[in-house]
Amino acid sequence: MSDSSEHTQGIVRPAPESFIKPDLVATISAHGIDDARRGLLKGAFASALVAMTGKAVAGESDPNIVNVPEWSKILGNAVATNPYGLPSKYEANIIRRQSPGLTQTDQASVAFTPLQSMFGMITPSGLHFERHHQGWVDIDPSRHRFMINGLVKTPMVFTMEELMRMPSVSRMHFLECGANTALEWGNSAVPTVQYTHGMLSGSEWTGVPLSLLLERAGIDLAKAKYILAEGADGSSMTRTINIENALDDCLVAYGQNGEMIRPEQGYPLRLVVPGVQGVSWVKWLRRIEVGDQPYAAKDEASHYVDLMPDGMQRQYTAIQEAKSVITSPSGGQKLMKQGYYCVTGLAWSGRGVVKKVEVSTDGGRNWREARIEGPALSKMITRFNFDWVWRGEEALLQSRVTDSTGYVQPQRTELIAVRGTRSIYHNNAIQTWRVNQSGEVENVQLG
Ligand code: MTE
């Protein structure tokens, strides 16, 4: 079985010999751990890593040099065999997935990003999660129009060509559905990080600042308090957004990761509302109305509200609070042997920058700081790594983020004490993965 097929089946192995350079021990010890602890950890990592590197130094032959494989003896495929490049066939398991039975139809549904298999901070466009209320549409850009009306001096209608000739910016931001991690409010712990946290993706978005378009239409700043954003799909998605957000960093975007936005993500135009829950990132954007009061649209009166323990509904919750999750090892994976593991995960905050991520291997009793693999950008996914030597003991893996406002991600029990368990949206609790003595990893809830 090849490395990649094991990877796709959720098996995590210690780094193969070929990945371990002799200088890695020094690299690990050089990363921000205080001196006394660094001494201890260096010893543990050194022996774990030397155990792995030792074999190669001892002269074990590379089988690919002794038995030359077929790919070293043939003429390869021609350029542009795939005019639009595709992943290797060995990565066929790395796909968006629907959670069986979660929704009654495939149109009002969700397909989750395979976070367990992602590297870095950018989600490939083809793996960006999908959440539609009435299916996705592929709109002819030459027939699409975008209108601004309401409290403006000159209501305006733009073609795509006109929009794309305006000054543009590119910004990296996460997009998280307010319902991400919804099933964890109760006891129904789902098996993998793809389903617990996979309504999260990170992209580079390109478009025109909304502030520029509103200025051009002559927004009445004395009266304007809110905007209403409206989509062109069958669900007529409409969302109220504060004027502060609208004039701050929102984009009317047509680009995603260097190319036109994919149809599933709102081609040819979507609203980007950094830090705010995904439902407000209206896709297939066709209109923005400027108003002086919230619109109480269908998608914000009965949906995307938080049922509090006293029975009241909390409405217009917008910002996605700081959250983090270990993506590997994570639920459904298996540690194949004892030794060094690079525990890796993602942290993000709708209020700014990720300042610190800590990892616990004992269910939150002790914490050590993880390495942030920069750049740590505002309102964007941030990657963290943590060196761990697994000796076959049971472990409870957790991560905890602190953002630039000083806010610390809560334990599940702390969140429930304030919010109860009847919410659907806005669950940013610390996630726990239990590693049992056989190396199997499962989703558990503590306390
Ligand atoms: N915009 C329109 N027009 N229609 C929709 O169904 N879904 C919303 C939002 N924008 C939606 C929409 C929801 S609930 C989320 S979480 C995000 O889009 C998901 O964006 P994605 O499918 O690009 O991940």
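We count ligands from 1, going down the list as the structure has it; atoms in each ligand are counted the same way.
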A.B. asks: Run the numbers for me: atoms of ligand 1, each under 4.0 Å from some heavy atom of C177, listed by number.
C.D. replies: 16 (S)
A.B. asks: Tell me yes or no: between the side chains of E259 and Y254, is some donor less than 3.5 Å from an acceptor?
C.D. replies: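 Distance-only check fails for E259 and Y254.
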A.B. asks: Which residue and non-hydrogen atom of the protein lie closest to atom 14 (S) of ligand 1, and at what distance in Å?
C.D. replies: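 For atom 14 (S) of ligand 1, the nearest protein heavy atom comes out as Y304 OH, 2.9 Å.
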A.B. asks: Are F112 and F129 close enough that their ring centres sit under 6.0 Å apart?
C.D. replies: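 So the answer is no for these two rings.
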A.B. asks: Output yes when K283 and D233 qualify as a salt bridge under the 4.0 Å nitrogen-oxygen rule, no when they do not.
C.D. replies: no
A.B. asks: Starting from atom 6 (O) of ligand 1, find the nearest protein heavy-atom neighbour and note its residue, name and distance.
C.D. replies: H133 N, 2.7 Å
A.B. asks: Give me the residue, atom name and distance of the protein heavy atom closest to atom 3 (N) of ligand 1.
C.D. replies: D233 OD1, 2.7 Å
A.B. asks: Only heavy atoms of H132, strictly under 4.0 Å: list the atoms of ligand 1 that pass.
C.D. replies: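 Near H132, the atoms of ligand 1 are 6 (O).
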A.B. asks: Indicate yes or no: does an N/O atom of H128 lie under 3.5 Å from an N/O atom of ligand 1?
C.D. replies: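 H128 vs ligand 1: N/O contact under 3.5 Å present.
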A.B. asks: Of all the non-hydrogen atoms in the protein, which one sits nearest to atom 8 (C) of ligand 1, and at what distance?
C.D. replies: V279 CA, 3.8 Å
A.B. asks: Measure from atom 19 (C) of ligand 1 to every heavy atom in R96, Q107, Q134, R131 and give the option owning the shortest one.
C.D. replies: R131
A.B. asks: Which of the numbered atoms in ligand 1 are below 4.0 angstrom from a heavy atom of Q265?
C.D. replies: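 Answer for ligand 1: 21 (P), 22 (O), 23 (O), 24 (O).
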A.B. asks: By the definition side chain to side chain donor-acceptor pair (under 3.5 Å), identify the one residue from H197, K323, H426 that meets it with E176.
C.D. replies: K323
A.B. asks: Look at the side chain of T123 and the backbone N and O of H128, then say whether any donor-acceptor pair between them is shorter than 3.5 Å.
C.D. replies: no
A.B. asks: Tell me if a side-chain donor or acceptor on S203 pairs with a main-chain N or O of W205 at a distance below 3.5 Å.
C.D. replies: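 Checked: no pair found.
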A.B. asks: To the nearest 0.1 Å, how far is atom 10 (N) of ligand 1 from its closest protein heavy atom, and which atom is that?
C.D. replies: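 The closest heavy atom on the protein side is W281 O, 3.2 Å.
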A.B. asks: Give me the residue, atom name and distance of the protein heavy atom closest to atom 22 (O) of ligand 1.
C.D. replies: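 Residue, atom and distance for the closest contact: K283 NZ, 2.5 Å.
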A.B. asks: How far is atom 17 (C) of ligand 1 from the closest protein heavy atom, and which atom is that?
C.D. replies: G278 O, 3.4 Å
A.B. asks: Going by heavy atoms in the side chains, are M121 and M380 under 4.5 Å from each other?
C.D. replies: yes
A.B. asks: Need the ligand 1 atom indices (1-based, order shown) with element for anything under 4.0 Å from a heavy-atom of V282.
C.D. replies: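 Result: 1 (N), 10 (N).
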A.B. asks: Is there a donor in the side chain of Q409 and an acceptor in the side chain of S324, or the other way round, less than 3.5 Å apart?
C.D. replies: yes
A.B. asks: With atoms numbered from 1 as shown, which atoms in ligand 1 lie under 4.0 angstrom from a non-hydrogen atom of S235?
C.D. replies: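 That gives atoms 4 (N) of ligand 1.
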A.B. asks: Between N436 (side chain only) and G439 (backbone N and O only), is there a donor and an acceptor less than 3.5 Å apart?
C.D. replies: yes
A.B. asks: At what distance is the nearest protein heavy atom to atom 23 (O) of ligand 1, and which residue and atom is it?
C.D. replies: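 Residue, atom and distance for the closest contact: R270 NH1, 2.8 Å.
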A.B. asks: Using a strict 4.0 Å threshold on nitrogen-to-oxygen distance, state whether K379 and D249 make a salt bridge.
C.D. replies: yes
